[in-house]
Amino acid sequence: MTMVSTPAWGDAQVSALDDDEVRRIRNDFPVLDQEINGKPLVYLDSGATSQNPRSVLEAEQEFYEQRNSAVHRGAHHLAVEATDSFEDARATVARFVGVQDDELIWTANATAGLNLLAYSFSNASVGRSGAEAGRFALKPSDEVLVTEMEHHANLIPWQELCRRTGATLKYIPIDDAGALRLEEASRLVTARTRILAFTHTSNVLGNINPVAVLVRMAREVGALVVLDACQSAPHLPLDFKALDVDFAVFSGHKMLGPTGIGAVYGRSELLNAMPPFLTGGSMITTVTMEQAQYLPAPQRFEAGTQPISQAVALAAAVNYLSETGMQRVALREAELGQRLVTGLSAIDGVRVLGPGPGEERTGLAAFDVAGVHAHDVGQYLDNLGIAVRVGHHCAQPLHRRLGLTASTRASTYLYTTSGEVDLLVGAVAGIRPYFGVAAPGAKS
Amino acid sequence: MSGLDSLYQQLILEHSKTRSGGDLAEQPATPTGTAGTGQSHQLNPICGDEITLRLRVGAAGDGQSVTEIHWNGDGCAISMASASILSEMAPGMSPASLRRTIDHFRELMRSRGKLEADEELLQDAAALAGVAKYPARVKCAMLAWVAAEDALRQAEAGQEVSRIP
Ligand SMILES: Cc1ncc(COP(=O)(O)O)c(C=O)c1O
């Protein structure tokens with residue numbers, strides 16, 4: 001077992017998962033055992049969506065076979081069991097990210113979670129929920145601050161919120177290496193800043209943003225902090241309380257869970273002062289023909305029938321991750337990330353976006369192959385059974401800033417072998433020759 | 001030929017580099033609405049492939065034919081090669097035969113590899129037939145052709161307008 005230098009969240013006693021353990025882990029993932037174009041599947045697209053271990057698939061099936069029912073409604077036996085499973089799942093996932101049960105709201109995915117926040121603030125801005133929601137209300141002199149590296153999911157809901165309220169959207173720029181320009185951030189965070197929304201780790205750059213520094217800036221001016229934890233919840237040990245953010249979102253399908261489920265964390269006192277977004281059944285106390293009273297969080301934000309079996313399956317996913325050990329997963333992926341960036345950046349004409357070799361990086365790397373469009377790169381790799389993501393990865397402004405329209409991204413997870421990373425690197429080395437694009441410095 | 005080689009045939013790789021007709025930026029601007037000229041911008045939002053294509057229709061013998069075609073674009077080898085091949089084929093074609101060619105090309109692309117290319121009609125574009133087996137790439141191959149179809153429609157509409165006294 002290799003010991004790697006201890007990142008901020010690391011514990012010196014914990015070692016990275018090793019190749020033997022990863023091989024055992026792979027046996028739990030049926031989808032990985034297949035051939036594509038006559039080659040073993042090399043799945044390097046977990047940043048887009050991860051695969052599911054058998055325990056997750058079984059949890060969902062077991063729920064449907066044994067206790068499928070509506071939750072929080074009806075007094076029959078199955079309804080009680082389904083409600084227990086649903087709420088146990090909430091407790092499990094809440095514990096996984098270090099928060100109380102009633103601070104975790106189920107959503108369809110992270111995008112839905114960010115929209116929930118933006119629309120709740122929007123409703124507060126037109127006076128819904130009265131004075132107690134005043135701190136979420138935006139007016140034309142207010143500002144919302146995001147970063148230049150955001151996924152569209154953490155950008156467009158804020159653009160729209162600003163349109164509706166007249167507030168101004170600003171962004172913290174990045175430098176050429178992709179790091180947030182913190183001196184600009186401290187200039188941009190002012191008394192006008194009401195919301196600071198940023199990603200924990202970029203889905204393109206693979207960097208880890210300095211949450212503590214940004215939270216401190218926001219606290220000084222009383223701004224609310226929204227953390228996009230989509231790419232961190234699956235890959236790093238997380239404690240939203242310790243990070244001291246006000247809100248956070250993540251998606252189940254990126255962390256071994258099923259599609260159709262995600263969550264919003266919000267500090268309890270904030271959630272209970274916020275107006276609801278979606279309204280209807282399951283989120284009310286008293287309803288008359290004229291108006292309704294709302295339940296406290298989390299039910300206040302869970303109108304309608306919820307993704308129940310998905311919540312149960314997501315709990316099985318986080319149990320799988322906890323049993324494996326998130327620090328060990330994170331250490332392993334840090335190693336794979338280094339292997340990626342070191343191998344890829346050594347290839348002529350290949351430029352890896354974000355942190356360079358030896359710098360902190362998660363287990364993903366997006367790169368540009370000079371003279372070959374990302375789509376063609378992806379096609380070449382697919383022919384070898386290697387699945388990567390190509391395109392702008394829902395981060396057009398970031399790509400534009402880096403002078404690109406598209407890139408190719410390889411992203412790992414706890415089931416990725418070092419051999420798979422090496423296969424990718426070897427394959428990428430063959431791309432420019434295949435497409436007849438001479439490497440710089442080589443004869444053309 | 002391996003799957004990949006049938007997709008990226010030598011002819012396609014060459015066209016993706018030479019980019020015939022890919023000189024719109026160097027052309028003098030034609031005021032929009034000029035009779036016989038149409039211009040179309042097409043974007044594939046999935047991958048960001050982009051093309052702006054301008055085409056001119058003029059009198060040729062008794063009828064009409066495409067006299068010029070220029071484009072400017074950014075995209076993958078398939079989309080760039082497809083634009084280049086189209087630009088070499090289109091000049092001299094009557095609007096009706098260009099339209100027929102576009103229709104066949106579209107049908108071929110959507111066939112998932114079940115249709116044979118009409119090589120007489122498609123000429124070099126028949127080399128793109130392999131794309132049909134890769135549904136995710138069909139949009140790339142179609143980009144320039146959709147732009148040409150739209151530009152042709154505009155060019156003809158402009159002529160009709162200009163004929164009205
Ligand atoms: C950083 C980041 N934020 C938000 C999202 C959106 O997640 P979802 O599509 O599951 O809502 C993603 C996933 O692509 C992401 O990587």
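Because the structure is predicted, anything quoted here is derived from the model rather than measured. What you see below is based on every heavy atom in this structure, not just the backbone, and it leaves out hydrogens, waters and symmetry mates. Proteins come first, then strands; the chains are lettered A, B, ... in the order of their sequence lines, and each starts at number 1.
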Original post:
Can you name the residues that form a side-chain contact (heavy atoms from CB on, under 4.5 Å) with A:Asn203, not counting sequence neighbours?
Top reply: A:His151, A:Gln231, A:His393, A:Arg409
Original post:
Does a sphere of radius 6.0 Å around CD in B:Glu26 hold more than 12 heavy atoms from other residues, nucleotides or ligands, not counting ones at 6.0 Å or beyond?
Top reply: yes
Original post:
Would one find more than 12 heavy atoms of other residues, nucleotides or ligands at under 6.0 Å from atom CD of A:Glu35?
Top reply: yes
**OP:** Hey, could you give me each pair passing salt bridge (Lys or Arg N to Asp or Glu O under 4.0 Å) that has a residue in residues 92-103 of chain B? Not counting sequence neighbours.
**Re:** B:Arg99-B:Glu156, B:Asp103-B:Arg106
Subject >> A:Thr405/B:Glu50 under side chain to side chain contact (heavy atoms under 4.5 Å, CB included): CA gap, chis, key distance, verdict >> reply: CA-CA 10 Å; A:Thr405 50; B:Glu50 216 169 331; 5.7 Å; no
Original post:
Around atom OH of A:Tyr171, are there more than 12 heavy atoms of other residues, nucleotides or ligands at under 6.0 Å?
Top reply: no
**OP:** Taking atom CD of B:Gln27 as the centre, report whether more than 12 heavy atoms of other residues, nucleotides or ligands fall under 6.0 Å from it.
**Re:** yes
**OP:** Pull out the residues in residues 73-92 of chain B that come under 4.5 Å of chain A, heavy atom to heavy atom, sorted by number.
**Re:** B:Asp74, B:Gly75, B:Cys76, B:Ala77, B:Ile78
Original post:
Counting a contact as any heavy-atom pair under 4.5 Å apart, which residues of residues 374-385 of chain A contact chain B?
Top reply: A:His375, A:Asp376, A:Gln379, A:Tyr380, A:Asn383
Original post:
For atom NZ of B:Lys17, is the number of surrounding heavy atoms from other residues, nucleotides or ligands below 6.0 Å larger than 12?
Top reply: yes
